[in-house]
Amino acid sequence: METIKAHQVHGGTLRYLRHDSATTGTPMTLSVFVPGGEGPFPVLIWLSGLTCTEDNFTTKAGAYAAAASHGVIIVAPDTSPRGERVADDPAYDLGQGAGFYVDATEAPWTPHFRMESYVVEELIGLIDAGFPTTKARSISGHSMGGHGALTLALRHPHLFRSVSAFAPISSPTRCPWGEKAFAAYLGPDREAWEAHDAARLIEGGVGEGYYDDILIDQGDADPFLVEQLKPELLVAAGKAMGQAITLRMQPGYDHSYFFMASFIADHVAFHALRLRGPV
């Protein structure tokens, strides 16, 4: 991986990186914060939401003081492949900047939009090879990235110690954002969509017994709460299947990074507790 730039922050080092991805067939960018000291350190992977790059979380979330305090590496990849030869759409909720953390099975998205495989196969391997990690890791994200964090954790529980999310798209098969993206990337078979729907996965027992709790923060002034996010479906699935889900409805908070910056330290602490000890 090529270092584009580096900064000292909270006693650690923040690097912006670029590499040629064998999974997406494109250059991919990411940021990595490594705390001060020799390590090794556990890893928290952060997945961002619609329209974001690796820069949104890196510059706006204010996560690195907590990461330094707890001794946690934070990795924030871009949300999709990008480039002139990469398929795109004029809308903000499809195409570049809107990968939805699935592997597309439909043209014209199939060649490059393989974000699930990118995160769980290529990215994890690159981080473990290039940084002083304990090989213990957790995952979190916001909105579309909250959907990604939940579904990847449920589908690949052996890879992650814990999972949390801010304002996740809790059941994309039952909201306009998810229906549009899944129809494009995965085709018309709605049953195939359910394998990438966190609420449906929990209802089906996927990841059952693996996570002691799932932490969700949601602002009650979020304009997308009712139509797009629907955390009540996630909570209902958890209750039905005995999966503990802590949903914290935060009064007055919206969908912005001001919301995340207010509670990110809680999420870092939540994961740090579960990342301690042997792999």
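All values below were derived from every heavy atom in this structure, side-chain atoms included, with hydrogens, water molecules and symmetry-related copies excluded. The shown structure was predicted, so the numbers you read here are calculated from the model rather than taken from an experiment.
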Side chains of [X] and [Y]: is there a donor and an acceptor less than 3.5 Å apart?
| X | Y | value |
| --- | --- | --- |
| Ser117 | Asp103 | yes |
| Glu122 | Thr23 | yes |
| Ser140 | Ser164 | yes |

Examine distances only and state if a side-chain atom of [X] and a backbone atom of [Y] form a donor-acceptor pair shorter than 3.5 Å.
| X | Y | value |
| --- | --- | --- |
| His10 | Tyr64 | no |
| Lys5 | Arg15 | no |
| Asp220 | Gly252 | yes |
| Tyr211 | Ala153 | yes |
| Ser162 | Ser138 | no |
| Asp89 | Leu94 | no |
| Ser69 | Ala65 | no |
| Ser80 | Gly97 | yes |
| Gln96 | Gly83 | yes |

Hey, mind stepping through Glu179 and Arg190 against salt bridge (charged side-chain N to carboxylate O under 4.0 Å, His left out) and telling me if it holds? CA-CA 9 Å; Glu179 290 175 332; Arg190 295 183 72 97; 3.2 Å; yes
Does [X] belong to the same Ile/Leu/Val/Met/Phe/Trp/Tyr cluster as [Y], with side-chain heavy atoms less than 4.5 Å apart forming each link?
| X | Y | answer |
| --- | --- | --- |
| Val102 | Leu159 | yes |
| Ile202 | Val163 | yes |
| Met115 | Phe160 | yes |
| Leu201 | Met241 | yes |
| Val9 | Ile4 | yes |

Taking atom [atom1] of [X] and atom [atom2] of [Y], what is their separation to the nearest 0.5 Å?
| X | Y | atom1 | atom2 | answer |
| --- | --- | --- | --- | --- |
| Ile169 | Leu234 | CD1 | CG | 12.5 Å |
| Ser21 | Arg114 | OG | CZ | 8.5 Å |
| Gln243 | Leu154 | CD | CG | 7.5 Å |
| Ile245 | Asp213 | CD1 | CG | 8.5 Å |
| Ile139 | Ile124 | CD1 | CD1 | 7.0 Å |
| Asp78 | Thr26 | CG | OG1 | 8.5 Å |

Please examine the side chains of [Y] and [X], heavy atoms only from C-beta on, and report whether any two atoms are closer than 4.5 Å.
| X | Y | answer |
| --- | --- | --- |
| His112 | Arg82 | no |
| Leu47 | Leu152 | yes |
| Ser170 | Asp197 | no |
| Leu273 | Arg276 | yes |
| Phe113 | Val86 | yes |
| Asn56 | Thr79 | no |
| Thr59 | Tyr257 | no |
| Met1 | Phe131 | yes |

Please tell me whether [X] and [Y] form a close aromatic pair, meaning their ring centres lie under 6.0 Å apart.
| X | Y | result |
| --- | --- | --- |
| Phe57 | His267 | no |
| Phe166 | Phe263 | no |
| Phe224 | Trp177 | yes |

Mind running side-chain contact (heavy atoms from CB on, under 4.5 Å) on Gln218 and Leu229 for me, showing each step along the way? CA-CA 9 Å; Gln218 173 65 62; Leu229 305 178; 3.5 Å; yes
Quick check on side-chain hydrogen bond (donor to acceptor under 3.5 Å, both in side chains): which of His255, Gln228, Gln250 does Asp222 satisfy it with? His255
How close do [X] and [Y] get, heavy atom to heavy atom, and via which atoms?
| X | Y | result |
| --- | --- | --- |
| Ile74 | Ala67 | CD1-CB, 3.7 Å |
| Val72 | Ala272 | CG2-CB, 4.1 Å |
| Ala98 | Leu50 | CB-CD2, 3.5 Å |
| Tyr118 | His19 | OH-NE2, 2.9 Å |
| Ser171 | Leu233 | CB-CD1, 3.8 Å |
| Thr110 | Thr105 | OG1-C, 3.3 Å |

Thinking salt bridges, do [X] and [Y] make one under a 4.0 Å N-O criterion?
| X | Y | answer |
| --- | --- | --- |
| Lys60 | Asp55 | no |
| Asp128 | Arg137 | yes |
| Glu116 | Arg155 | yes |

Cation-pi geometry met for Arg274 and Phe270 (6.0 Å, 45°):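 Geometry flag: set, cation within 6.0 Å and 45°.
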Quick one: side chains of residues 27-41, donor-acceptor pairs under 3.5 Å with protein atoms, not counting sequence neighbours, listed by atom name and distance.
residue: Thr29; atom: OG1; partner: Glu54; partner atom: OE1; Å: 2.8
residue: Ser31; atom: OG; partner: Thr58; partner atom: OG1; Å: 2.7

What orientation do Trp109 and Tyr185 show, parallel under 30°, tilted 30 to 60°, or perpendicular over 60°?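 Ring orientation of Trp109 relative to Tyr185: perpendicular.
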Aromatic rings Phe182 and His196: how do their planes relate, parallel, tilted or perpendicular, breaks at 30° and 60°?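 Plane angle over 60°, so perpendicular.
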Is it true that atom CZ of Phe258 has more than 12 heavy atoms of other residues, nucleotides or ligands lying nearer than 6.0 Å?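 Not buried by this count: 12 neighbours or fewer within 6.0 Å.
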Please indicate whether Gln8 has more than 12 foreign heavy atoms, meaning atoms of other residues, nucleotides or ligands, lying under 6.0 Å from its CD.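 Counting neighbours around CD of Gln8, more than 12 heavy atoms of other residues, nucleotides or ligands fall under 6.0 Å, so yes.
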Of Asp217, Leu150, Ile214, the one forming a side-chain contact (heavy atoms from CB on, under 4.5 Å) with Pro168 is Leu150
